[in-house]
Colleague: 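Quick one: the structure is below, and I'll ask about it shortly.
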2 protein chains.
Amino acid sequence: MDHPDIEQKLGGRGEEEQETRERILSAARQLMAQKGYKGATTRKISELAGVNEVTVFRHFKNKVGILTELLKEIMDVREQLEQGLQGEFSDLKQMLVSYARTYYGLLVERKEIFMICMIEADNHPEVVQMFSSLPMTAVEVLSNKLLAFQEQGHLPKVDPFTAALMFVSTFFYAFMAKYRVNLDLEMVEEELFENASEILLQGIKGL
Amino acid sequence: MDHPDIEQKLGGRGEEEQETRERILSAARQLMAQKGYKGATTRKISELAGVNEVTVFRHFKNKVGILTELLKEIMDVREQLEQGLQGEFSDLKQMLVSYARTYYGLLVERKEIFMICMIEADNHPEVVQMFSSLPMTAVEVLSNKLLAFQEQGHLPKVDPFTAALMFVSTFFYAFMAKYRVNLDLEMVEEELFENASEILLQGIKGL
DNA sequence: TGAAAATGCAAGTAATTGCTTGCTTGGCAC
DNA sequence: GTGCCAAGCAAGCAATTACTTGCATTTTCA
């Protein structure tokens, strides 16, 4: 038995095993995002996963073990963001729209984990470290790109950091409103990407 | 004894009493913001407040009683935001800077309560209602103001909602970064207000 | 089929948590 | 003084929580 964290699927079987483990993780992910770490009791997790509570402890050393496992899911954020900026774009606006899509998509895709991070920031130091990576990474990556544009003479002298911050914040806010506060923004996401990109480029005073 | 929520300071004394009550509230505010509602145990609250645990229950019916009391502190947000837009401004930029100051100041002033709301959104329905007021109210208020400007012909046809969302998000993000994730933005707030207002108006492509 | 591995079930444990009760103490007003 | 009221103190209580142990049962694969 021990802790099968190491063995992946060595023997013939391992599918069922991963299935159970995955169900536990999924239940924990959902509950912790909703109720917080403390609110997600091991009993509730096991019930939602449809397994006995003991099984949870057979798969994970303890409750924090589950959390740390979940946290691994946001490790590769920076890479993904940078990758989203690799391609060639017809113009600056297309790049911004694309970046918005990537970032917002990333948030939605892992909404539970991000919620957990938001909620548990102060309680688990590991979380802070992991979490701080995302919001500022997103700003940094875009900021650097804008700076590059600027140095090529394609942009006048505005503060690229502030610009990046404004842009990224917008989608974070929209994300939070929709998935945390359950507010309807009354706006299609794609439309928001377009509008925000336009405004960031031209300003509201227009040309 | 009962619950002195009603009696304010009728008799001669009542100062000491309010003092204790205030210390309890303050401790709870701090702890709940840090550790969440569950993490802020009544024992920890009493310790931080420097009173006996029983005293807590002499002042509040139960633990939720403390929370609901704290939540009252964000009821008047809309008014304050609208008030901040009442005065006369020399130009649009000054108005934006002023609005940014008001909004950000509001967040900082009541950071603990807002943190509690963020954390506890799903667990306490009353919280959701209270909380949803702020973020979208801030957007709405500004959005309406921009719309008015637009109707007066002072602004071209951009989506005022998106513009307001971008603007408000920026300071919310900055606030979260500083007070939740403890990230240093390496930027003076006042400078951020200026830069963001400039960008919102002119865009990064400049005139 | 048969051994091994994974899961279920029953029960329990020590710690924590929200909250109560009964009693004492100390300060203020009359 | 005397009576009142807030607060402290000691103790406890019932529920919950993370986690364990021992054993029976099922599933899987060779």
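So you know, we letter chains A, B, ... as the sequences are listed, proteins then strands, and number each from 1. Worth knowing before you read on, the calculation uses all heavy atoms, side chains too, and leaves out hydrogens, waters and symmetry mates.
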Colleague: What is the distance, to the nearest angstrom, from the CZ atom on A/R21 to the C1' atom on C/dA5?
Modeller: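 Rounded to whole Å, this separation is 16 Å.
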
Colleague: Taking only heavy atoms on the protein side, list every residue of residues 27-36 of chain A lying under 4.0 Å from any atom of DNA chain C, sorted numerically.
Modeller: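 Output list: empty, so none.
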
Colleague: Using a cut-off of under 3.5 Å, enumerate the N/O to N/O pairs linking the protein to nucleotides 12-18 of chain C.
Modeller:
unit_1, atom_1, unit_2, atom_2, d
C/dG18, OP1, B/K63, NZ, 2.6
C/dG18, OP2, B/T42, N, 2.9
C/dG18, OP2, B/T42, OG1, 3.1

Colleague: It should be established whether A/T20 places a side-chain nitrogen or oxygen under 4.0 Å from OP1 or OP2 of nucleotide C/dT7.
Modeller: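 A/T20 to C/dT7 OP1/OP2: side-chain N or O found under 4.0 Å.
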
Colleague: I'd like to know if the side chain of A/K44 reaches the main chain of A/L31, judged simply by a donor and an acceptor atom lying under 3.5 Å from each other, with no hydrogens or angles considered.
Modeller: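 Pair absent, no side-chain N/O of A/K44 close to backbone of A/L31.
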
Colleague: Reckon A/G50 touches a base, only the sugar-phosphate, or nothing at all at heavy-atom distances under 4.0 Å?
Modeller: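 Counting heavy atoms under 4.0 Å across all strands, the contact made by A/G50 is with sugar-phosphate only.
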
Colleague: Going by salt bridge (charged side-chain N to carboxylate O under 4.0 Å, His left out), name the pairs with one or both residues in residues 102-113 of chain B, residues two or more places apart or in two chains.
Modeller: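 Matches after skipping sequence neighbours: B/D76-B/R110.
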
Colleague: Check whether any side-chain N or O of B/H59 sits under 4.0 Å from OP1 or OP2 of D/dA6, and answer yes or no.
Modeller: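 For D/dA6, neither OP1 nor OP2 has a side-chain N or O of B/H59 closer than 4.0 Å.
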
Colleague: Quick one: side chains of residues 87-98 of chain B, donor-acceptor pairs under 3.5 Å with protein atoms, not counting sequence neighbours, listed by atom name and distance.
Modeller:
unit_1, atom_1, unit_2, atom_2, d
B/D91, OD1, B/Q94, N, 3.0
B/K93, NZ, B/E194, OE1, 2.9
B/K93, NZ, B/E198, OE1, 2.8

Colleague: Please list, chain by chain and in numerical order, all residues satisfying side-chain hydrogen bond (donor to acceptor under 3.5 Å, both in side chains) with B/K35, sequence neighbours excluded.
Modeller: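 B/K35 satisfies side-chain hydrogen bond (donor to acceptor under 3.5 Å, both in side chains) with no residue once adjacent residues are dropped.
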
Colleague: Can you list the residues that meet the side-chain hydrogen bond (donor to acceptor under 3.5 Å, both in side chains) rule with A/Y37, with sequence neighbours excluded?
Modeller: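 Per chain and number, A/Y37 pairs via side-chain hydrogen bond (donor to acceptor under 3.5 Å, both in side chains) with no residue.
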
Colleague: Quick one: list whatever passes side-chain hydrogen bond (donor to acceptor under 3.5 Å, both in side chains) with A/T41, sequence neighbours left out.
Modeller: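 Scan of A/T41 (side-chain hydrogen bond (donor to acceptor under 3.5 Å, both in side chains), adjacent residues dropped) gives none.
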
Colleague: 5'-most contact on DNA chain D: A/V54 or B/N52, nearest heavy atom basis?
Modeller: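 Going by which nucleotide is closer to the 5' end, it is B/N52.
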
Colleague: Applying side-chain hydrogen bond (donor to acceptor under 3.5 Å, both in side chains), can you list everything that pairs with A/E191, at least two apart in sequence or on another chain?
Modeller: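 Once residues adjacent in sequence are excluded, A/E191 has no partner under the side-chain hydrogen bond (donor to acceptor under 3.5 Å, both in side chains) criterion.
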
Colleague: Apply ring pair (Phe, Tyr, Trp, His ring centres under 6.0 Å) to A/F167 and list each qualifying residue two or more places apart in sequence or on a separate chain.
Modeller: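 Applying ring pair (Phe, Tyr, Trp, His ring centres under 6.0 Å) to A/F167 gives A/F171.
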
